Structure formats: structure tokens, C-alpha cells
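Structure, as C-alpha cells:
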Amino acid sequence: MFISKLRISGFKSFCEDTTITISSGLNGIIGPNGSGKSNIVEAIKWVMGENSSKSLRGSGMNDLIFSGSASKASKNIALVSITIEVTKNLLEDNYKKFLKDNIIQVERQAVRDSGSTYRINGKEVKAKDIQFLFADFSSGSRSSNIIDQGSVGNLVLQKPIERRKVLDEAA
Amino acid sequence: MFISKLRISGFKSFCEDTTITISSGLNGIIGPNGSGKSNIVEAIKWVMGENSSKSLRGSGMNDLIFSGSASKASKNIALVSITIEVTKNLLEDNYKKFLKDNIIQVERQAVRDSGSTYRINGKEVKAKDIQFLFADFSSGSRSSNIIDQGSVGNLVLQKPIERRKVLDEAA
Amino acid sequence: SRSRVLNAFNEINNTFSFLFKKLFSGGKAYLELVDSSDPLQAGLELMVSPPGKKLQRLSLLSGGEKALASLALIFSTFINKTSPICILDEVDAPLDEGNVEKFCELLKEVTNVSNNRFLVVTHNKITMGFMNKLYGITMLEPGSSKVVSVNLDEAESVSAAE
Amino acid sequence: SRSRVLNAFNEINNTFSFLFKKLFSGGKAYLELVDSSDPLQAGLELMVSPPGKKLQRLSLLSGGEKALASLALIFSTFINKTSPICILDEVDAPLDEGNVEKFCELLKEVTNVSNNRFLVVTHNKITMGFMNKLYGITMLEPGSSKVVSVNLDEAESVSAAE
Ligand SMILES: Nc1ncnc2c1ncn2[C@@H]1O[C@H](COP(=O)(O)OP(=O)(O)OP(=O)(O)O)[C@@H](O)[C@H]1O
Ligand SMILES: Nc1ncnc2c1ncn2[C@@H]1O[C@H](COP(=O)(O)OP(=O)(O)OP(=O)(O)O)[C@@H](O)[C@H]1O
Ligand SMILES: [Mg+2]
Ligand SMILES: [Mg+2]
């Protein structure tokens, strides 16, 4: 199963409702410093369940909602949604009910000064359901499949006891 | 006063006795990954008194001595020397005696499994003398004049109480 | 599941040694379980010697060598599993031109072999040239991000606008 | 002494705000003493808003924006004192092409104004082009570093050898 589409609206610098198609192979994200490339990476982490301030560079949910610019007013809602194409037999039974035409759409929405809510194909679910869904896919926001900016050398710098996490996730 | 020449012999990957002239303005150091560029930076830090393992990427003095390669035997001595051109009136009295033709040459030598020794214009001195000499020059290996690889963003990431060091050094 | 961890260890170790040799055009590297005889408790250590150099403390490696060795290990975990997406944010930043080239060729092979989709954030023109699709992120209106799909030949002008 | 620190603070603050505007072609930034009314005990805080963007938590800045803001502060400490040498090891790595250009122009001005000598380690062709002298470090014999003085026109072939 793989992500085929990403939609970002009101999340960090993405004031505008933005959709990115993710094709097979290598999808390059380019642009000047501060344009929003790493914000896209964080949007994907966030919709898959990430909450850590360190991993999202913010210090609370409100930091993730578009806070306005010189020419635009702030927003009150941040929305990120990913469309995942799934082969039916790879999905656990309790998630098969969500499957529509081999597609699972996962959505997370944050409202300013309120919490965030998750939806799978439009139906509201708990954070735990999202965790299990992605644990299933052996990825998820904490999986070793996302290498953050500046952290490529980390595996070499870590202590052996921290590095073994790579082994545990693969086993 | 400014550094006009740098000599490295047996320090880290500099097996060969190497001399680099430092001109006024911008001196660029280029070359492939692992060729020895940052080792040059550390040689300068080390001769000015640096001892921290973190700052020199080693874990003891022996790590700083050329340990051999596929084609060369290891060395037992690491030597770094810098030539500093000084305007006489800028130097403290107790250092004026070292001055020869407006030049002060500072040298540090490490012998494997032994300590390191310092020399100013050939005369052996203590580590404290080197510290005072460079404190005088308001630089020295810990001064904010050396930005290590990977650490350019640090000033922004530090806590306010750590960042104020910049202020104390300038005052 | 001690055996599961040992199997994962052996598989990743073999892939890691192989990918390291590819990225460094030689040299030698392998993994070791350390600090405990119990594979469930042991730490994972890297033993690395770039071509022509001796096996030394990892901390002495250069910035680019650390990144490249890390990438060999990262790719050996990508290869052995499929995931919804793999994301690399500016991992080519510390690499010289020759090593960016090697990284890209390996990345292309990993995509073919493992069927994984990659999102690759980069400022590097060589890396851009290896992409199948390119998305340019701009802030024509200050503070507000917009995405523009870019043709690979247009990439030159996008990075000129950087 | 309290007044010395306050004087240093004001001088660096003015230089920092000015250099920030230069590097970012706009925007606004200044320093603040925080957590204590005593300048000898206070922390040093950065208040930064790139052009068109609001003043926000520093952590939200992009990798390149953090580097550029840091460089504005670093240069404001270089400008106000003379030292035997100033060393920058790959500080241009996180910057896009436009920002590398701005960084280099500022670096050139700082050298003229402050008479400081710089050692600049870089992989970036734009930065190489701004240097007065170039030294190429090679390892023709694996594991053993050698220095070669390079002409600025030869720089193309040196980085091709990277
Ligand atoms: N909640 C928010 N509202 C508005 N803008 C935000 C918000 N959070 C972050 N930003 C802005 O997003 C920008 C950072 O974007 P991002 O880190 O994605 O840049 P980037 O393209 O990765 O740049 P670089 O190449 O330097 O890494 C910052 O300028 C920051 O001010
Ligand atoms: N004591 C030593 N004896 C021999 N080689 C050493 C010693 N200490 C470090 N080295 C080697 O020096 C190399 C690192 O050099 P350095 O960090 O200067 O590279 P660099 O040119 O800065 O590369 P990059 O562009 O990747 O930052 C490593 O390959 C390391 O093995
Ligand atoms: Mg980024
Ligand atoms: Mg280096």
C-alpha cells in the first residue's frame, strides 16, 4: 500500500488548500529556503499521528495552524489528508470495513485552542485507531522511513543502545 | 595581529608535513568528503589550546596523531604550528619578549601515549601561557570566531542563557 | 523472538555491508551486536573503514562520510520492507558532487528493487535531475506556500529562482 | 561590568538588525535581554521575522532561515572585533542559491570593513568564486591529506574531481 495523494489546508505555511499527487518512484520537492518543503514533510508526519514538539518544530497544536502573514489573516483550522491505495488482503480485518475501492483516506484536523480529530474515509476515529492502522503498514510517523532535515548523520552519532531501534523495527 | 601561516605534520590525516599560507581576505578550503578540510580547522583549534573531545571529534590525544592508512605506517608525533604577525604595541608586556621581527610562532606537539607540549618561538611554555596569549588576542579556540561544520544554526537553537555567551565575549 | 531479531540483524548487516561498498566505491563496513550476549538487549554498533583508511572511531569520520555511512544503513532498512512512503529531507546537503551522484544512483536502484515511493526534498541540481516528478514550492505571496508542478527541463529555471 | 555589557548589547543589536535586513532583503530582527532585569544575568533572545512573515517561535523557522539568522548574529560579533583568524566550516550547506549569493556578498563586505582574515571551507561553487585564494585538499594516496594551491579558474576542475 502506498500514499497516492496529499492534501494540505491551513497547516503551517499552507494557507491555501493544496493538493500534491505522489507518483511511483522519485518525487522531488524543491524551492527556496523557507518556502514550505519541510512543512510538507511534517504535514505527513502529523496526519500519521505525530505529536512531538521536537518532531514538528512547534510547541503546541496552535503552532501548526496557519498564523497569518503580512498579507493574509490567520486561519482557525488546519487540515491534512492522505489518500492510501491498499491491496485488500494486506489490511487487518477491523480496517477492511473502511476500504472503498481499495482506497483509505486518512484525515486529521486541528481547530485553534481545541484538540485535533481523525477521520478514516470520513468516519471519525480515535488516535489509537490511526496508530494501529499505520503500525500495520509498518510505518507511521515514528518509523525509520522519514529522515528529517539535518538528521541524516544521526545513525552514526547515536549510542549503540539507541541505534538498535532500527533492528527492533525491522524484526 | 593575524595568522599568516599554518603548518601541520602528523596531525589526523596529515601524515605529510604540510604548510598553508593564509592571505588577507577570503581563503577557501575545498575538496572531496573526508579529504581533510575540517581536520585543518581542528589543527588550528588544537594549537590554540583546545582539548575537548567533542570539539576535536576524538576521544583522547592519541586520536589526533596520524594512525596510519592502507599504504602508510602510523606516526608517533603530531605537530601543528601557526605563525602570527603582531603589531608590537598590541601585545602584553610579558609576551613582548617572545616577539622576533613582529612574529610570534606558536607550536603544539603531541607524542603518542604522552602529553602535549607548547612552544612560543621555540621556547617551551605552559598551557596557561598559551591561554593568556590568545585571550589577549580576544580569540582562542573557544572564541566565537570558529563556526564548526554543522553548527551554523546553533545560535538560533540555543537557550537564551547559553546564547548570552556571545555578549560576554564581546564586552 | 530472539531468532527474529537475529535474522533481521543478519539480513540488514549483509545489505549494509554491500550498500556501503557501493556508496564508497570500496572500503569495508559491518554491524555488531555489543554490550550484551542477549540480542534483545544488545546495542547496535557500526564498524566503518572508508577505502584506504583504517577502522577508526566513528566520531573521527568527516561530515560527508558520516552521512554516507548513515545512508547505507538507512537504505538497508528501506530495502527490506515496503512502506506507504519514504521521505528524505535534504540528506544530500553534506555530500560532495561525486558522492551526490553515487547516492542518487543507489536511490534509483532502491526504488526499482523495493517498489517504495520516495519524497525527496533537495536544493541539489544533480539530485533534481534523477527525479521522476518535480514539485516546486514557492511563496509568491509572502508567508503563503504554493505548489507548482515542474517539468524536469524547467528545473533549471526553478532553482535559478531560488 | 553592567555598562560594558549593555554597550556591547546595543552595538551588536544594531549591527544584527542591519545585517539581518541585508541577508533577508527585508524583514525585521532584533535582540532582547530576557529572564532578568540584570544585564549580567539575563539571557539573550532573538526576535526574528523574515520578510512578509509574522514574528514567530524561532523553532518554526526553516533550516535555511535559521542558518541565515545565525549568520547575521555571527557576523555582527566578527565585525566588532579583530581576531587572528575567522573560520567558517560549510556554513553555506543549508542555503539555497540566492541565499548563498547574499551570504557571500556580505562575507566580502565584512572582510573589507573589519580586516579579518577568513578560512572558508565549502563545497559550493558560488562560494568558491568569491574567494581570494583557493586551497584544494586531496587524498591521492588514500588516508593521507595533501594541499594543492588552486587558481580560481582551476576551481571548476577541482570540484569536478570531488
Ligand atoms: N503556523 C504557521 N503559520 C505560518 N507560517 C508558518 C507556520 N509554521 C511555520 N511557518 C513558516 O514556514 C516556514 C518554514 O517552512 P519550511 O521549514 O517548510 O521551509 P523549507 O522549504 O523546508 O526551507 P529550507 O530549504 O530552508 O529547509 C517558516 O518561514 C515559518 O515561519
Ligand atoms: N588520527 C587520524 N589518523 C588518520 N586519519 C584520520 C585521523 N583522524 C581522522 N582521520 C581521517 O580524517 C578524515 C576526516 O577528515 P575531515 O573531517 O577533515 O574531512 P572533510 O574534508 O572535512 O570532509 P567533509 O567534506 O565530508 O566534511 C576521516 O576519514 C578520518 O578517518
Ligand atoms: Mg527544510
Ligand atoms: Mg568537514
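Nothing here was measured: the structure is a model prediction, and the numbers come from that model. Lettering follows sequence order; numbering is per chain, from 1.
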- Scored by heavy-atom pairs under 4.5 Å with chain A, the best of C:Thr127, C:Leu119, C:Leu68, C:Asp35 is C:Leu119
- May I have the step-by-step check of side-chain contact (heavy atoms from CB on, under 4.5 Å) for A:Ile22 and A:Ser4, ending in yes or no? CA-CA 5 Å; A:Ile22 297 174; A:Ser4 59; 5.9 Å; no
- Based on non-hydrogen pairs under 4.5 Å, which of A:Asn39, A:Asn27, A:Ile8 is most in contact with chain C? A:Asn27
- Message: Under 3.5 Å, is there a donor on one side chain and an acceptor on the other for A:Ser55 and A:Lys45?
- Response: yes
- Item | Side-chain ion pair, C:Asp89 and A:Lys37, N-O less than 4.0 Å | no
- Query: Which atoms of C:Thr138 come close to chain A, meaning under 4.5 Å heavy atom to heavy atom: side chain ones, backbone ones, both, or neither?
  - Reply: backbone
- Message: Under the rule for ring pair (Phe, Tyr, Trp, His ring centres under 6.0 Å), what residues qualify as partners of C:Phe75, not counting sequence neighbours?
- Response: none
- Note on the structure: Contact list (residues 39-48 of chain C to chain A, heavy-atom gap under 4.5 Å, by number) returns C:Pro39, C:Leu40, C:Gln41, C:Ala42, C:Gly43, C:Leu44, C:Glu45, C:Leu46
- Message: Tell me which of these, A:Ile161, A:Ile82, A:Asn154, A:Val152, has more heavy-atom pairs under 4.5 Å with chain C than the rest.
- Response: A:Val152
- Per-residue contact mode, A:Ile20 against chain C (heavy atom under 4.5 angstrom): side chain
- Proximity breakdown for C:Ala67 and chain A, heavy-atom pairs closer than 4.5 Å: both
- Task: Could you check which of A:Cys15, A:Ser24, A:Ser151 has the highest count of heavy-atom pairs closer than 4.5 Å to chain C?
- Result: A:Ser24
- Note on the structure: Okay, A:Thr18 and chain C: the region with an atom under 4.5 Å from a heavy atom over there is side chain
- Give me the contact list for residues 26-34 of chain C versus chain A, heavy atoms only, anything under 4.5 Å, ordered by residue number. C:Leu33, C:Val34
- Item | Engaged part of C:Ser145 at the chain A interface, taking heavy atoms whose separation is under 4.5 Å | both
- Item | Worked check of side-chain contact (heavy atoms from CB on, under 4.5 Å) between C:Ile137 and A:Ile30 | CA-CA 6 Å; C:Ile137 317 300; A:Ile30 63 180; over 6 Å; no
- Note on the structure: Scored by heavy-atom pairs under 4.5 Å with chain C, the best of A:Ser69, A:Gly34, A:Ser71, A:Pro160 is A:Pro160
- Message: Counting only non-hydrogen atoms closer than 4.5 Å, can you tell me which residues of residues 110-120 of chain A sit against chain C?
- Response: none
- Task: Determine whether the side chains of A:Gln105 and A:Thr83 contain a donor N or O and an acceptor N or O closer than 3.5 Å.
- Result: no
- Item | Side chain / backbone / both / neither for C:Leu88 at chain A, heavy atoms under 4.5 Å | both
- Sort A:Ile40 into side chain, backbone, both or neither according to what part of it lies under 4.5 angstrom from a heavy atom of chain C. side chain
- Query: Would C:Glu105 and C:Lys22 pass as an ion pair if we require N to O under 4.0 Å?
  - Reply: no
- Item | A:Thr21 versus chain C, the contacting section by heavy-atom distance below 4.5 Å | both
- Message: Heavy-atom pairs under 4.5 Å with chain A: which of C:Asn115, C:Leu107, C:Asn116, C:Val148 has the most?
- Response: C:Leu107
- Query: Top residue by heavy-atom pair count (under 4.5 Å) with chain C, among A:Gly153, A:Gly25, A:Gly36?
  - Reply: A:Gly25
